[in-house]
Amino acid sequence: MKETIVQKLGRWAAEAELSELPPEVVEKVRLQIATAVTAAAGSPWHEQSLAVLDACRVPGDAYVFATGDRLAPAEAAFVNATFAMSLDW
């Protein structure tokens, strides 16, 4: 099966080294992470996001920004996105 653009981007991101990226990109990535963490911690939808966390409880090593929980990578990504995106609506 042909690799999708999302799979290509994901593979590139997983294999990229911070030292290989231009300083402007590193700065933007850090700003985006800081914004997402701040949004997650201060979200008025925190309770609903915690319900998503409870529904996704698969043990792993990936970090959930707002709570410090550790989940499997896919579940942690989903929960972190739920927290971070909750302020966009």
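On a predicted model such as this, the values are computed, not experimentally measured, just so you know. Computed over heavy atoms, backbone and side chain alike; hydrogens, waters and symmetry mates excluded.
- A single hydrophobic cluster is seen to contain both Ile33 and Leu18, as judged by linkage of ILVMFWY side chains at heavy-atom distances under 4.5 Å, directly or through other members.
- Listed by chain and residue number, Trp12 satisfy the side-chain contact (heavy atoms from CB on, under 4.5 Å) test with Leu9 (two or more places apart in sequence, or in another chain).
- A 6.0 Å sphere centred on CG of Asp54 holds more than 12 heavy atoms belonging to other residues, nucleotides or ligands.
- Within the 4.5 Å cutoff, the side chain of Arg57 has heavy atoms near those of the Asp69 side chain.
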Would Val58 and Leu71 satisfy side chain to side chain contact (heavy atoms under 4.5 Å, CB included), going step by step from the backbone distance to the final call? CA-CA 5 Å; Val58 177; Leu71 300 176; 5.7 Å; no
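- Nearest heavy-atom pair across Pro73 and Ala62 is CA-CB, 3.7 Å.
- Residue Tyr63 comes nearest to Ala76 through the heavy atom pair O-CB, 4.1 Å, listed as atom of the first residue, atom of the second, then distance.
- Here the side chain of Asp61 pairs no donor or acceptor atom with the backbone of Arg70 at under 3.5 angstrom.
- For residues 6-22, the set of pairs meeting the salt bridge (charged side-chain N to carboxylate O under 4.0 Å, His left out) definition, not counting sequence neighbours, comprises Glu3-Arg11.
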